[in-house]
Each structure stands twice: as C-alpha cells, then as structure tokens.
Protein chains: 2
Amino acid sequence: MEDELYDLADLFKVFGDSTRVRLLYELLSGEKNVGDLSDALNMNQSAVSHQLRLLKQSDLVKVRRDGKSMYYALSDDHVESIIKIGMEHITEKKK
Amino acid sequence: MEDELYDLADLFKVFGDSTRVRLLYELLSGEKNVGDLSDALNMNQSAVSHQLRLLKQSDLVKVRRDGKSMYYALSDDHVESIIKIGMEHITEKKK
DNA sequence: TGAACATATGAACAGTTGAACATATGTTAG
DNA sequence: CTAACATATGTTCAACTGTTCATATGTTCA
C-alpha cells in the first residue's frame, strides 16, 4: 500500500501542471493533433509535445498517426472523473 | 473555464507529492495529531508541519486544538474520492 | 511564573521542473 | 530523391519545491 501511494503521487504530479490539465481538458471534446493543441493553448509546438509525452507515459492519453499528424486522445475515462471531482472541490470551496 | 483549469492544476499539485498523499492517506482512518503523523511517516515534525500547512491552505484538511496538540482531519470526502479514482487508474494500468 | 512539551515558522540549500531553442526524425507529395 | 510539413528529442537555464536546521509561538501543569 505504501508503494502505491508513491505511484499515486506520481500520477497526480501529472495533473498538477496547468499546461497538462489544459491539454487534457482540450481532449475531453475528442482527439486532436499536436498543431491543434498548440494553437488552442497558444504555446509552441515543442512545449506541447514535451508535455504530451508525459501524459502518454502516465497512460493518460493514447496516440495514433494519421499521415504527418499525430492524433492524441484520452486513454480512458478516469481522466474525466478526476477532473470532475477536482472541479467539485474547487467550486464548493468558493462558496 | 480557463481560469478554473489553473485552480484545478493547483489543487492536483497538492496531491502530487508523496509526503502529502501519505498524510492524507493516514487521515483517511480518522483525525491525528502532528506527532502521530510524524511517527507514521517517519519524518521530522517540521517537515510534516510544513506540508500540513499546504493541505490546510487547499482546504483538504481542517484542524482543531486539543491542549498542546493540533488534530488534523480531512475536511470533506472529495479527498477520499480523488484518491480512490487515482488508485483505480494505477491498478488498471498495471494489468 | 517558568519548565516541558507540541506545533509553527523562517531561512537556506539541493534537487526538480517547465519552457525555449535548436535540431533530428518521420511522412507525404511532386 | 527531395522539399515541405508535422512532430519528437536533447540541452540549457531560471524558477519553483521539499527538507533540514534553528528558533518562535502557544499550552499545560506544578
């Protein structure tokens, strides 16, 4: 159990960055390629690509190639659940 | 919405550290004082106190004083939900 | 009041991290 | 094959973070 808590912290570390959270949020509405994501976040391609890599490593997103583009998508719906509950905490806190 | 994503990242940042996650986990079984928590994590009192402060600031824990001791407890059950879903992601990933 | 205890706070230092820049890899069309 | 495009990777650096040590604050009890 102790070990799992370390893995858990590592997982949340991934959610603990605004760039990555915004990427995940963008992907809630469906798969997108790197260019789309760079535009959406208004960040350079390299930064986005680096962060997508981390998301991939944590199995939060999956990728498929289509021609020259790489399409990223959420890998399962835990992501949506986690974001949803986090949001609840935030909005309740503001009351 | 954009703003909320930054707050969300800040929230997860708090979960993204093993010391803090372990503290939250300890508190799942009920309120504990700082000494108990230091012993449980085998960390010095100062480090634990510093981290508890962050947890407090994020409204993840609440405190009450009883004599010389400060008793910390989870402030609501979002914490439990978040940990639970995170764990699910991890265990599914291992399959 | 003052000693002993429990916790909090401040400062400093090492380790980590995200972004930017440059460049490499991989793909398609001509 | 090669130019143009899309994405990935390596490196560097400033900013941030967690722990430790020292010390301050707050509480109880004799």
Side-chain angles (χ1 to χ4, degrees), chain A residues 2 5-27 30-75, chain B residues 2 5-27 30-75:
Chain A
E2 191 70 6
L5 292 175
Y6 285 89
D7 293 340
L8 193 62
D10 285 338
L11 174 64
F12 288 126
K13 221 167 276 182
V14 179
F15 283 87
D17 172 78
S18 59
T19 298
R20 290 189 293 268
V21 165
R22 287 191 298 152
L23 286 171
L24 293 172
Y25 182 79
E26 285 296 322
L27 296 178
E31 66 171 13
K32 296 199 169 61
N33 65 34
V34 180
D36 291 341
L37 292 168
S38 306
D39 290 348
L41 302 205
N42 196 32
M43 290 183 67
N44 75 59
Q45 176 269 322
S46 177
V48 169
S49 184
H50 275 295
Q51 297 308 329
L52 286 170
R53 186 147 95 100
L54 294 187
L55 292 174
K56 179 81 193 314
Q57 284 171 350
S58 308
D59 278 325
L60 296 176
V61 302
K62 55 189 175 188
V63 206
R64 72 179 178 84
R65 179 181 282 282
D66 181 15
K68 294 177 245 178
S69 297
M70 300 293 273
Y71 282 85
Y72 283 82
L74 299 182
S75 61
Chain B
E2 191 70 5
L5 292 175
Y6 285 90
D7 292 340
L8 193 61
D10 285 338
L11 175 63
F12 287 125
K13 222 167 276 182
V14 179
F15 282 87
D17 172 77
S18 59
T19 297
R20 290 189 294 267
V21 165
R22 288 192 297 152
L23 286 171
L24 293 172
Y25 181 79
E26 285 296 322
L27 295 178
E31 68 170 12
K32 296 199 170 61
N33 65 35
V34 180
D36 292 340
L37 292 169
S38 305
D39 290 348
L41 303 204
N42 196 31
M43 289 183 67
N44 76 56
Q45 175 269 320
S46 178
V48 168
S49 184
H50 276 297
Q51 298 307 331
L52 286 169
R53 187 148 94 102
L54 293 187
L55 293 175
K56 180 81 194 315
Q57 284 171 351
S58 308
D59 277 325
L60 296 175
V61 301
K62 55 189 175 188
V63 206
R64 73 179 178 85
R65 178 181 282 282
D66 181 15
K68 295 177 245 179
S69 296
M70 300 293 274
Y71 282 85
Y72 283 82
L74 300 182
S75 62

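A, B, ... follow the sequence lines: proteins, then strands. Residue 1 opens every chain.
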Legend entry - Any B/Gln51 side-chain N or O less than 4.0 Å from OP1/OP2 of D/dT19: yes
Legend entry - Residue matched to D/dG10 through Watson-Crick or wobble contacts both under 3.5 angstrom: C/dC21
Inset, instruction - Nearest 0.5 Å please: distance from the CG atom of A/Asp39 over to the CD atom of A/Glu26. - result: 10.5 Å
Inset, instruction - Could you check A/Met43, A/Lys32, A/Arg22 and say which one makes a side chain to side chain contact (heavy atoms under 4.5 Å, CB included) with A/Leu37? - result: A/Lys32
Legend entry - Rounded distance in Å - CG (A/Leu54) to C1' (C/dT16): 13 Å
Legend entry - Any A/Ser49 side-chain N or O less than 4.0 Å from OP1/OP2 of D/dT9: no
Inset, instruction - Counting heavy atoms from C-beta on, name the nucleotide in C/dG18, C/dC21, D/dT7 closest to the side chain of A/His50. - result: C/dC21
Inset, instruction - Taking the side chain as every heavy atom from C-beta outward, state whether B/Val48 and B/Thr19 have any atom pair closer than 4.5 Å. - result: no
Inset, instruction - Can you figure out which of D/dG18, C/dA19, C/dT27 approaches the side chain of A/Met43 most closely? - result: C/dA19
Inset, instruction - For C/dT9, take OP1 and OP2 only and decide whether either is under 4.0 Å from a side-chain N or O of B/Arg53. - result: yes
Inset, instruction - To the nearest Å, give me how far apart CZ (B/Arg20) and C1' (D/dT17) are. - result: 8 Å
Legend entry - A/Val61 vs A/Leu24 side-chain heavy atoms within contact, under 4.5 Å: yes
Legend entry - Distance, rounded to the nearest Å, where B/Phe12 contributes CZ and D/dT17 contributes C1': 20 Å
Legend entry - N/O (side chain, A/Tyr72) to phosphate O (OP1/OP2, D/dA6) under 4.0 Å: no
Legend entry - Partner nucleotide of D/dA30 by Watson-Crick or wobble geometry (both distances under 3.5 Å): C/dT1
Legend entry - Side chain of B/Lys68 - closest among D/dT28, D/dG18, C/dA19: D/dT28
Legend entry - Side chain of A/Ser46 - closest among D/dT7, D/dG10, D/dG18: D/dG10
Legend entry - Side-chain N,O (B/Arg65) to OP1/OP2 (C/dA6) below 4.0 Å: no
Inset, instruction - Please evaluate the base of C/dA8 for a donor-acceptor partner in the side chain of B/Gln45 within a cut-off of under 3.5 Å? - result: yes
Legend entry - 5' precedence on DNA chain C between A/Asp17 and A/Asp66 (nearest-nucleotide basis): A/Asp17
Inset, instruction - Would you indicate which nucleotide in D/dT7, D/dT20, D/dG18 comes nearest to any side-chain atom of B/Ala47? - result: D/dT20
Legend entry - Sole residue of B/Asp66, B/Leu27, B/Val63 in side chain to side chain contact (heavy atoms under 4.5 Å, CB included) with B/Tyr71: B/Asp66
Inset, instruction - Give a yes/no answer on whether the side chain of B/Ser69 brings an N or O atom under 4.0 Å of OP1 or OP2 in D/dT27. - result: no
